[in-house]
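In what follows, a single structure is set out as structure tokens and then discussed.
A, B, ... follow the sequence lines: proteins, then strands. Residue 1 opens every chain.
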Amino acid sequence: MVALRRLARHTGARFGATVALTFALAALLAPWVAPYDPEAIALGANLQGPSGAHLFGTDSLGRDVLSRTIWGARISLTTGFVSVGLAMVGGVPLGALAAWRGGWPDRLVMRAVDVLLSFPTILLAIVVITIFGPGLGNAMLAIGVAQVPLYARLTRAVVLRVKAQPFVESARAAGAGEWRVLLRHALPNCLPPLLVQSTLMFATAILSAAYLGFLGLGAQPPTPEWGTMLAKARDFLRTAPHVSIFPGLTIMLTVLGLNLLGDGLRDVLDPQTAAGA
Amino acid sequence: MFAVVRVIPGDPARLLAGDFATEQIVDELRAKWRLNDPLPVQYAAYIGGLVRGDFGRSITTSTPILPELTERFLRTLELAVAGILVSIVIGGAAGIVSAVRRSSLIDYAATALALTGISTPIFWSGLLLILLFSVRLEWLPAGGSGTLRHLVLPALSLGLFGAGVLARQTRSGMLEVLGQDFVRTARAKGLPERVVVVKHALKNALIPVVTVLGDQFGRLLGGAILTETVFAWPGMGRYLIESISQRDYPAVQGAILVFAAVVVIINLLVDLSYGMLDPRVRAE
Amino acid sequence: MTRKARTMMRRLVVALAAVMVLVVVGTAPAAKDTLVIGMPTDVPIFDTHKATGLHNGGILNQVSEPLVRLTPDGKIVPWLVESWAQSKDGKSWTLTTRKNVKFTDGTPFNAEALRFNLERFRKHSIGKATLAMVTGIEVTGEHTLKLTTEAPFAPLINSLGYHWIVVYSPTAVQKTGDDNVHTAPVGTGPFKFVHHKRGQEVRLEANDQYWGGKPKLRAIVSKPYPDQSARMLALESGDVDLIFHVPPQEATRLARNASLLVSTPPSARVIWLYLNTQKDPLKDKRVRQALYYAIDREAIVKSIFAGTAKALHSPGPVGSYGYTDKYDHYGYNPDKARALLKEAGATNVTLTVHHSPGRYLLSGQVIEAVQGFLKQAGVTMKVVDLEWGTLSQMGAQPVEKNQLQATLFGWRSVNGDIDSALQDFGSAFWRPKGNNLSFWKNEEFDRLLTFEQGTLDTKKRLEALQRMQEILMDEMPALWLYGEPQIWAAKRTLKGVEWNPLESIQSLHLAHFED
């Protein structure tokens, strides 16, 4: 398609896509690519700097940081998909229905969404965690819930745009059922902006999971989640900075890549939103 | 927007109150904190207390929460304001420079830095700053509070994300404005570049920036939770996390309430200022 | 860039740089008559009877003082209690309180005040089991107090030395209310309470009327630095004068710093992993033994503590009277661990361990290491981190309500005698009456315990102590991990600070800075 070609030419998107691909491959192929068992401890070899045997060095319990980082990609990938998936399942129908129905349900939903959107995502996630307790699964749930308002608002905006178009009126006049019009016309138009948004939200989800992990509210040790790894690495900032540097660098690169990819997608697929953003 | 103010204190309070009964493990504590009362009663009592200014007592210290919460809140405010300043100064400057020297090396560099700012996890930038400025160079303290020196690193780490966002926003805003007719007219009139940039372009570019600022403040509060943890800053964010680990529910409730209230107030302010800036711009 | 714009930029940069330099060069350091201490945790509550078992005890006890003190070599020194005598039948003790001591609110310290505080301690303290055998407290004179015990208890005076048995002014307690003593604690100590800003600092000021002499320092400030790198940086940069819980690996580096002094006073603290024997699958002793085989104590001591800790071969502490390592036939053996678990039919064991970060040196790393070791044996270990106060409360629940399956706790012997460690496992001492978090019961053990605490026959007593250890090493109601080192670091100019084996500082009235 034209879009893909244009995407391929976009420098930012190229870089982003490469990063995203590397990340996905590392995540999927972790069991085969990682040189060591991410949870195998070897106390005698702890806190060693990068070397031939351990490209990223070892952590406080002698575990290979590279392997843990690779497995961490797996966890982050899962988190991204689950959170974004949850958010979409919750947010898209909400936004679509609100836009379609209009009137006071619309206003009510949008008020709630606006309010929730003004909250920092991390705070919303923390509230959910407080209720359900810490842990990776709950973290995914929390992040998903925190992102619902965004999807709701986005979907609503697109559906409203579609609703205003003349062909909708004519379809309605022709007697086509409401649901038909909604499903066949409105929703497909949502796909490009949703794709853009999801890429960006994927990045945010990974970042949020890392934040929760760092605060001790997300993935628990010994799970090699990047944020959780960084929390433990703090104590050794002076003696073994490599344990802090590598996971953090990985988070940054992955999020950066995804952001770039999302930006590129937006420029290519959805110039309207790009201009208005 | 005023309906919102009523909704917010309700949600977190109700949710949390609903869970206390299942998570409490000690009977005497239950009785002490009247958790066996039916939920609506608890809720009503809590709201009643709030109106009177009583946030209840912390389970851990058995002292009233409000005074401590206020103190912690002020510290977070201190940090947040410093962070916003950092964002504005660095982000604003970068954005303006980028827009004025569009497509130059500086522009690309600034944009790249802005993107990095957005993608870097706050706690990582904090740790790196500590590594560089405290451990290696030993210029600045790694944690705690008390003097201006202690504020530098946390504010920097906190403001970096906002700086990135603001840079991008300022840049696009400025670009849009710089391309407009009245700017060209001003230039044609022979007004010096500086006047053009500051007096005309900047003011118009400000509106979307203000909105972004409002958004950012909310983000900043969230980021404060992390920055405070990394730098051991005695603010409300850390209070929240500590209270969670201590299962001190009244304290958690109180902290979340304050966060919520602040966010709502900021939003109101942004809405108001939006209304104020707009007609002035149109008039010009 | 146009010249005007360039000048603007340059000015901005210069301004920023100037601000930064000003900020970095910063403010003047604290005055030399204030001691600033960096601790790993904040004081949960400034009331020693309620906030027991923490290394912040040293700070708390600058305000409220104990009855006797323990010297670094384990001897008992009179403090607020001047002298003590046991009756001929061994069942009662007469304590004489120090004369001419006043609380900082002016009221006198006497036997009545002592009685009041002993009662308060027994009411609130998590360590109330220390005085469990005391059946009567009677004031027999202005300065004499009589304590009656159920049976003759030789180490009583040692027990009275636990630094959480302290004295507050009864008048002050009544004034603030028993619940609010921490808002205005009044004691006899060399320093007075000024304020406690949670998460920020505890501030004390000198008590010039102190019975031991006017303190040289004017104020003490204790700040929590939970992050150990931050704590050490604070010491190295001069922000604090004294820190506790220095990781052993850093100790060597700090020792090389000419302006600092690193101390490793003998420590009486031992770290155990209590196993709740009332909960599955820990009911089966083979499972408990398997866990002990799975953990490589030597590796922990060597890699995490750089050799400064001592692996335990019995409840310990190493070197205490009666300690023997001859019953430790375990050693690191993951295969044996797996075999035992299989034999006991315990597959897919999940163990939840509760732990309080920052309370014990490097305990977070130890917990993670244990987690890794247990995984090798096929046991999944879940860790729950809690704040100390919360964990103490959970631990204080009686057996039916206690949710803890396994907990990392430390114990310490105050009297150099292994009895105080072993006493923990008597069935009469199940929580909340005592410290038996294992809820373990063994009749022979109980008999021996009563016997050795009452007998004056040293040979028989030693035999009993050994047999008790043998039983414990077989039954494994807890995993005896290691003896913790105690590492402090301070500015070399700080003098007059004495440490005791209970990880705390003695009275600071002699402390001062030398130029």
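Between the side chain of C:R297 and the backbone N or O of C:A311 there is no donor-acceptor pair closer than 3.5 Å. Panel note: side chain A:S208, backbone A:T204; a donor-acceptor pair is recorded below 3.5 Å.
With a 4.5 Å cut-off on non-hydrogen atoms, C:Q371 touches chain A through its side chain but not through its backbone. Within the 4.5 angstrom heavy-atom criterion, atoms from both the backbone and the side chain of C:I300 approach chain A.
Contacts with chain A were tallied for C:G364, C:P247, C:A369; C:A369 has the most, counting heavy-atom pairs under 4.5 Å. Between chain A and the residues C:Q376, C:M381, C:K375, C:K382, the largest count of heavy-atom pairs under 4.5 Å involves C:K375.
Contacts of A:I41 classified as side-chain contact (heavy atoms from CB on, under 4.5 Å), with partners at least two apart in sequence or in another chain: A:L61, A:R63, C:F373.
Residue pairs meeting the salt bridge (Lys or Arg N to Asp or Glu O under 4.0 Å) criterion with at least one partner in residues 68-78 of chain A, sequence neighbours excluded, are A:D59-A:R68.
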